[in-house]
Amino acid sequence: MSTSNTATTSGAASTPVFAAQQTMVAPPAPRRRVTRKTWQTVVWLVVLLALTAVVLYPLVWLLFSTFKPNAEFGQNPGLIPQSPTIDNYIKVLEGIAGVPMWRFYANSLLIAVASVIGTVVSSSLAAYAFARIQFKGLGVLFAAMIGTLLLPFHVVIIPQYIIFNRLDMVDTFWPLLLPKFLATEAFFVFLLVQFMRQMPRDMDEAARIDGAGHVRIFWSIILPLVKPALITCSIFAFIWSWNDFLGPLLYLTSPDNYPLPIALRLYNDQTSSSDYGATVTASFIALVPVLLFFLVFQRFLVDGVATQGLKG
């Protein structure tokens, strides 16, 4: 009798259902954790800190040099000033050539912000036409636009100056801003075209069925989807316009219209000797807005670069 019960139990234990229950109840095998050794982590952090120090040292040196008197330049190349002073800041904030520093800041800010608006608006419209509209001569016009990337700016300086001079726009901001509103920046147009071409055309067809035209499709569908690319264009347009020296040097002649890059030159040209302390201080003050702008929008810049080449 006991032998029968034992056989019955053994048979039940060998059934597939019972084996499956045992498999389900059995705890999973522990995973092997791959951990980095402590010494490797320390070495990696030391290397990163060293590279960070090398990259940031020029900026830190520039900051400390703003407190050096003019006599220390050329004698004290170190980081810490021997006789710290704030006279450089006082001199710079007072202005130069009868123009206060805030006026140079306002001119640079006006040119940079207007350049961003003009570049984003005109480049996005041109990119939409190239990427989403089929018309005759599309390939030829797009190739001609790409070809302008190979054309140096110095080739068109004289023709552009003649045109703006005949239009009586010299010594105004129009020569610096008007091309931005005419989609002359082929780099930004090409960048936006690549983003828009990745989007499926089903969205356009669905919007057309609902009665939307090109304006509605562009404003309500395309622009929200290319937001990372637009922010990327805005960052580059702002930095390039803020740091532009050759354009204002050609078209602006009145000190009241000078932006910061031209104002920096005045500290070296006003006398036979250069005022290094004021030049360094003015350079640092001019660098602060660009640095803050980049730090605020760097996340969007990374997103824009990371989404490049991805399919929609």
When you compare the side chain of [Y] with that of [X], does any pair of heavy atoms fall below 4.5 Å?
X      : Y      : value
Phe173 : Tyr251 : no
Leu192 : Cys233 : yes
Pro259 : Leu252 : yes
Ile222 : Ile217 : yes
Asp244 : Ile111 : no
Phe104 : Ile96  : yes

Linking I/L/V/M/F/W/Y whenever any side-chain heavy atoms sit under 4.5 Å apart, do Ile158 and Val170 land together?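 Shared cluster, no.
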Evaluate the ring planes of Tyr89 and Phe67, with Trp represented by its six-membered ring, and classify them as parallel (under 30°), tilted (30 to 60°) or perpendicular (over 60°).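 Taking Phe67 first and then Tyr89, their aromatic rings sit tilted (interplane angle of 30° to 60°).
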To check you understand the geometry: which heavy-atom pair defines the closest contact between [X] and [Y], and what is its length?
X      : Y      : result
Ser65  : Val280 : CB-CG1, 3.8 Å
Pro248 : Leu176 : N-CD2, 3.8 Å
Ala127 : Val189 : CB-O, 3.8 Å

If you count every heavy atom of other residues, nucleotides or ligands that lies below 6.0 Å from Arg216 atom CZ, does the total exceed 12?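 Check fails, neighbour count at 12 or below.
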N/O donor to acceptor pairs below 3.5 angstrom from side-chain atoms of residues 49-64, sequence neighbours left out:
from	atom 1	to	atom 2	distance (Å)
Thr52	OG1	Leu48	O	2.8
Trp61	NE1	Pro77	O	3.2
Trp61	NE1	Gly78	O	3.2

Take Ser124 and Phe218, measure what side-chain contact (heavy atoms from CB on, under 4.5 Å) needs, and give me the verdict at the end. CA-CA 9 Å; Ser124 58; Phe218 171 75; 3.6 Å; yes
